[in-house]
Asks: 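Structure provided below as structure tokens; questions to follow.
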2 protein chains.
Amino acid sequence: MVRNKIDDINCSLADSLNLIGEWWTILILRESFFGTRRFEDFQQHLGIARNILTARLATLCDNGILERVPVKEGAKRHEYRLTSMGRDLLTVIIALTQWGDRWLRQEQGAPVNFIERDSGEVIPEVCIRSKDGRQLKTRDLAMVPGPGATDKTRERLRQIAEAWHKRELV
Amino acid sequence: MVRNKIDDINCSLADSLNLIGEWWTILILRESFFGTRRFEDFQQHLGIARNILTARLATLCDNGILERVPVKEGAKRHEYRLTSMGRDLLTVIIALTQWGDRWLRQEQGAPVNFIERDSGEVIPEVCIRSKDGRQLKTRDLAMVPGPGATDKTRERLRQIAEAWHKRELV
DNA sequence: ATTAATAGTTGCATTTAGCAACTTATTATG
DNA sequence: CATAATAAGTTGCTAAATGCAACTATTAAT
């Protein structure tokens, strides 16, 4: 799929989704965080079709999110492990899990709680904060061009800012 | 697709992905955060096929992430707006955008920076924190059954904890 | 009343995913 | 070492999802 074709803003979100936005990919990564490393284990835990799993693991390896390492020194079989790039996705995965807990399981409560290993305390919800630690909402945020902005991006951001003022200040 | 079929852990992540994990959905939500509300605008900004856009907007409305509201009092035409459930996804979207900034645009830098509207300061990276505000990494985290855990979930979490000890303490 | 814009729908081609059986290589076992 | 068992895919086929472009039906503007 070409999700960025006519996109008028060069956005890291679309790029990220091109790497991890395919069916199953995030659940594969969740399994990785759970400690799963072997093909058969991914397949059995997720119930994913074997050919799709093959394809997804290859994409993740090609993009540096997982790496294939020998099961042990000199072994021919390998396993799939998170790279630091992959581990860095944990924030996204936990944020999305917590969103599901909040909105899809209000009655039952979360099936799984993430705790800090040392203290055993449940971690608070991942959220957007200001530099000095205040929690921010959608309305508190705006966007400005960053160092990698193209002209198109600047233009789009200008239009967004303008539309916002029209709607918010009237 | 049935992504949760053989899943042996009842996970909010899989549920979340069933709502927002389809092609295009997250980019549609990004557009919503940018202020886009009308069908034609979504279509033109994203370059998405019209029938797919129709389907995605319907799913998002059905699940309470967007809502259809009349363009103005009494008008027949409507527009699509984020609900509070939808706005609550901003954390995920920013986390994923920032991940893309970090790993896919190391040279150029981020095309878009999120700032706090009042201060103009760029917001820090969304991250996982402990109760007292320390930043946590993958290794600092563990999982325990929450109030909504099933027997299967408990069993799986037990296995994960056991495997972790074997690998980490040797 | 007529036109233009908006918001879809429909039919068809292409791509992607699911399934189950088959293949190949690699470890374990007697 | 031979054989079996496991692991890790591959292949061929079916079903479902997506892309595209043209068409339709409202609604709003003049």
Side-chain angles (χ1 to χ4, degrees), chain A residues 1-7 14 17-32 35-63 66-81 163, chain B residues 1-8 14 17-29 31-32 35-63 66-81 163:
Chain A
M1 208 204 34
V2 192
R3 267 178 301 200
N4 223 353
K5 193 183 33 174
I6 313 184
D7 199 2
L17 288 170
N18 280 329
L19 300 193
I20 62 153
E22 291 187 297
W23 297 118
W24 289 108
T25 299
I26 293 187
L27 290 177
I28 290 170
L29 292 172
R30 181 199 69 176
E31 276 302 314
S32 291
T36 301
R37 295 174 175 179
R38 302 290 288 266
F39 185 94
E40 294 294 324
D41 293 331
F42 285 109
Q43 200 279 318
Q44 281 164 37
H45 284 137
L46 295 170
I48 180 177
R50 305 174 74 82
N51 51 350
I52 305 302
L53 178 57
T54 301
R56 293 295 177 275
L57 290 172
T59 308
L60 288 168
C61 289
D62 289 350
N63 289 301
L66 294 180
E67 61 182 347
R68 306 174 111 209
V69 298
V71 171
K72 47 189 170 182
E73 193 60 31
K76 292 282 177 72
R77 286 220 219 279
H78 52 268
E79 55 187 22
Y80 298 91
R81 294 204 199 188
Chain B
M1 206 206 35
V2 193
R3 266 179 303 200
N4 223 353
K5 195 183 34 173
I6 313 186
D7 199 1
D8 56 352
L17 288 170
N18 280 329
L19 300 194
I20 63 155
E22 290 186 298
W23 298 117
W24 290 110
T25 299
I26 293 187
L27 290 176
I28 290 170
L29 292 172
E31 277 303 313
S32 290
T36 301
R37 294 175 176 178
R38 303 290 288 264
F39 185 94
E40 293 295 326
D41 293 330
F42 284 110
Q43 201 280 317
Q44 281 163 35
H45 284 138
L46 294 171
I48 180 177
R50 305 173 75 81
N51 51 351
I52 305 301
L53 178 56
T54 302
R56 291 296 177 276
L57 291 172
T59 308
L60 287 167
C61 289
D62 289 350
N63 290 301
L66 295 180
E67 61 183 346
R68 306 174 111 209
V69 298
V71 170
K72 46 188 172 184
E73 193 59 32
K76 292 283 178 70
R77 286 220 218 278
H78 52 268
E79 54 187 24
Y80 298 91
R81 294 204 199 190

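Sequence lines set the chain letters: A, B, ... in the order given, protein chains first and strands last, and positions in each chain run from 1.
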Asks: Look at B:Arg77 and D:dA28 and indicate whether a side-chain polar atom (N or O) is within less than 4.0 Å of OP1 or OP2.
Replies: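 The answer is no; no side-chain N or O of B:Arg77 sits under 4.0 Å from OP1 or OP2.
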Asks: If we only count heavy atoms from C-beta on, is the B:Arg38 to B:Val71 side-chain gap below 4.5 Å?
Replies: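 They are in side-chain contact.
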Asks: Whole angstroms only, please: what is the CH2-P distance between A:Trp24 and D:dA16?
Replies: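 Checked: the CH2 to P distance equals 16 Å.
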Asks: Grab the CZ-P distance between B:Arg68 and C:dT6 for me, whole Å please.
Replies: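 About 17 Å, once rounded to whole Å.
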Asks: Of the options D:dG9, D:dA8, C:dT6, whose atoms approach the side-chain atoms of B:Glu40 most closely?
Replies: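 For B:Glu40, the side-chain atoms sit closest to C:dT6.
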Asks: Atom CZ of A:Arg56 and atom P of D:dG9: how far apart are they, to the nearest Å?
Replies: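 Rounding to the nearest Å, CZ of A:Arg56 and P of D:dG9 are 15 Å apart.
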Asks: Roughly, in whole Å, what's the span from CH2 in B:Trp23 to C1' in C:dA17?
Replies: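 Distance check: B:Trp23 CH2 to C:dA17 C1' gives 10 Å.
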Asks: Could you pull out the closest heavy-atom pair between B:Ile48 and B:Ile52, with the gap in Å?
Replies: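 Nearest pair, atom of B:Ile48 first, then B:Ile52: CD1-CG2, 4.0 Å.
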Asks: In whole Å, I'd like the distance from the CD atom of A:Gln44 to the P atom of D:dA8.
Replies: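 It is 10 Å, rounded to the nearest whole Å.
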Asks: Take A:Glu40 and A:Arg50 through the salt bridge (charged side-chain N to carboxylate O under 4.0 Å, His left out) test and state the conclusion after the steps.
Replies: CA-CA 9 Å; A:Glu40 294 294 324; A:Arg50 305 174 74 82; 2.6 Å; yes
Asks: Does B:His78 make a side-chain N or O approach to OP1 or OP2 of D:dT26 shorter than 4.0 Å?
Replies: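 Answer is no, no contact under 4.0 Å.
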Asks: In chain order, what residues pass the salt bridge (charged side-chain N to carboxylate O under 4.0 Å, His left out) check against A:Arg81, with sequence neighbours excluded?
Replies: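 With neighbours one apart ignored, the set is A:Glu79.
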Asks: Quick one: does A:Glu67's side chain have a donor or acceptor within less than 3.5 Å of a partner on A:Tyr80's backbone?
Replies: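 No; judged by distance alone, with no hydrogens or angles, the pair does not exist.
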Asks: Let me know the distance between CG of A:Asn51 and P of C:dG18, rounded to the nearest Å.
Replies: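 Taking atom P of C:dG18 as the reference, CG of A:Asn51 is at 8 Å.
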Asks: B:Ile52 has an atom CD1; how far is it from atom P of C:dA7, in whole Å?
Replies: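 Between P of C:dA7 and CD1 of B:Ile52: 18 Å.
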Asks: Rounded to whole angstroms, how far apart are CZ on A:Phe39 and P on C:dT23?
Replies: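 Spelled out: CZ on A:Phe39 to P on C:dT23 is 18 Å.
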Asks: Using a heavy-atom cut-off of 4.0 Å across all strands, would you classify A:Ala55 as base, sugar-phosphate, or nothing?
Replies: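 The residue A:Ala55 makes no contact with any strand.
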Asks: Hey, does B:Phe42 reach any base, or is it just sugar-phosphate, or nothing, if we go heavy atoms under 4.0 Å?
Replies: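 The residue B:Phe42 makes no contact with any strand.
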Asks: Given C:dT6, is OP1 or OP2 found less than 4.0 Å from the side-chain N or O atoms of B:Tyr80?
Replies: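 Result: no.
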Asks: Below 3.5 Å, does any donor atom in the side chain of B:Arg50 face an acceptor in the base of D:dT18, or the other way round?
Replies: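 A donor-acceptor contact between them is absent.
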